[in-house]
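In what follows, a structure is listed as structure tokens, so that the remarks can point back to it.
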Amino acid sequence: MSLATSLLASPLCAAPVAFAGAVVLREALAYLPDVRYQPATYQFTVAIPVRVERPLARLTIAIPDDAGPFGVNLPRLQEVRVYTPSNPAGPGPYYVAHTLPVQVILEERTLVVNFPQPIAPGETVTVEFQQMRNPDQGGIYLFEINALPAGSEPVRQFVGYGRIAFRDSQSGR
């Protein structure tokens, strides 16, 4: 074995791992998007196309706080579920085909979903926040979504902004 081959095989030289294509945000939505509505459900559905070539190991969803105390509340970790949707090609809302084992943690205002068994290319997953209380102010709220592939040095990929519009039926907004 040459020195170059042994160095490349060494764990000290772990190379960054990135997706070969774009992970796709299929849809972001809220059931009953009226302001102050409770209990609301938010869904974020992401497709991992075959062309990305690497399995999905982690998703992060940043919860917007631009409206201060009138904005989006943080989800309770026990109210977050992740699943493969029954009709991934259709429009939402999505329903559970198979619940996925995940580890969910909250880092400040970012929900981190770790997949102990990474999601293979060609699959679609939905992250759902249940028992939410909609913001007090109407408007469009942006949830930043990022994906990380499986590997020792994953490169974060920006997936997109999950746009959810909350409406104030009294003011017409």
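Residue numbers run from 1 in the order of the sequence given.
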Any non-hydrogen side-chain atom of [X] less than 4.5 Å from a side-chain atom of [Y]?
X: Leu56; Y: Phe19; value: yes
X: Tyr31; Y: Gln43; value: yes
X: Phe143; Y: Ile164; value: yes
X: Tyr95; Y: Asn87; value: no
X: Arg36; Y: Asn134; value: no
X: Pro64; Y: Val72; value: yes
X: Val96; Y: Arg81; value: yes
X: Leu111; Y: Leu77; value: yes

Shared hydrophobic cluster for [X] and [Y] (ILVMFWY, side-chain gaps under 4.5 Å):
X: Val102; Y: Leu74; result: yes
X: Val46; Y: Ile61; result: yes
X: Val112; Y: Val82; result: no
X: Ile105; Y: Leu59; result: no
X: Val24; Y: Tyr83; result: no

After noting the C-alpha distance and the side-chain angles of Phe158 and Glu144, does the key distance pass the side-chain contact (heavy atoms from CB on, under 4.5 Å) rule? CA-CA 8 Å; Phe158 173 70; Glu144 182 180 333; 3.7 Å; yes
Looking only at heavy atoms, what is the nearest atom pair of [X] and [Y], with distance?
X: Pro101; Y: Pro116; answer: O-CD, 3.3 Å
X: Thr41; Y: Gln130; answer: OG1-CA, 4.3 Å
X: Arg54; Y: Ala150; answer: CD-O, 4.5 Å
X: Pro75; Y: Leu106; answer: O-CD2, 4.4 Å
X: Thr45; Y: Thr126; answer: OG1-OG1, 2.8 Å
X: Tyr42; Y: Ala30; answer: CD2-CB, 3.7 Å

Using modelled atom types and a 3.5 Å cut-off, is there a donor and acceptor pairing between side-chain atoms of [X] and backbone atoms of [Y]?
X: Gln131; Y: Ala40; value: no
X: Glu123; Y: Val50; value: no
X: Arg109; Y: Ile63; value: yes
X: Asp168; Y: Val35; value: no
X: Arg58; Y: Ala147; value: no

Just wondering, more than 12 heavy atoms not from [X] lying within 6.0 Å of its [atom1]?
X: Arg163; atom1: CZ; result: no
X: Gln78; atom1: CD; result: yes
X: Gln117; atom1: CD; result: no

Give a yes-or-no answer on whether the side chains of Tyr94 and Glu27 include a donor-acceptor pair shorter than 3.5 Å.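 On atom types as modelled, these side chains qualify, holding a pair under 3.5 Å.
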Thr84 vs Thr124, test: side-chain contact (heavy atoms from CB on, under 4.5 Å). Steps then yes/no. CA-CA 6 Å; Thr84 55; Thr124 299; over 6 Å; no
How are the rings of Phe44 and Phe129 set relative to one another: parallel (under 30°), tilted (30 to 60°) or perpendicular (over 60°)?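 Rings of Phe44 and Phe129: tilted, as their planes differ by 30° to 60°.
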Between Val159, Asn146, Val113, Ile145, which is the residue that forms a side chain to side chain contact (heavy atoms under 4.5 Å, CB included) with Thr60?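 Of all the options given, the one that passes is Asn146.
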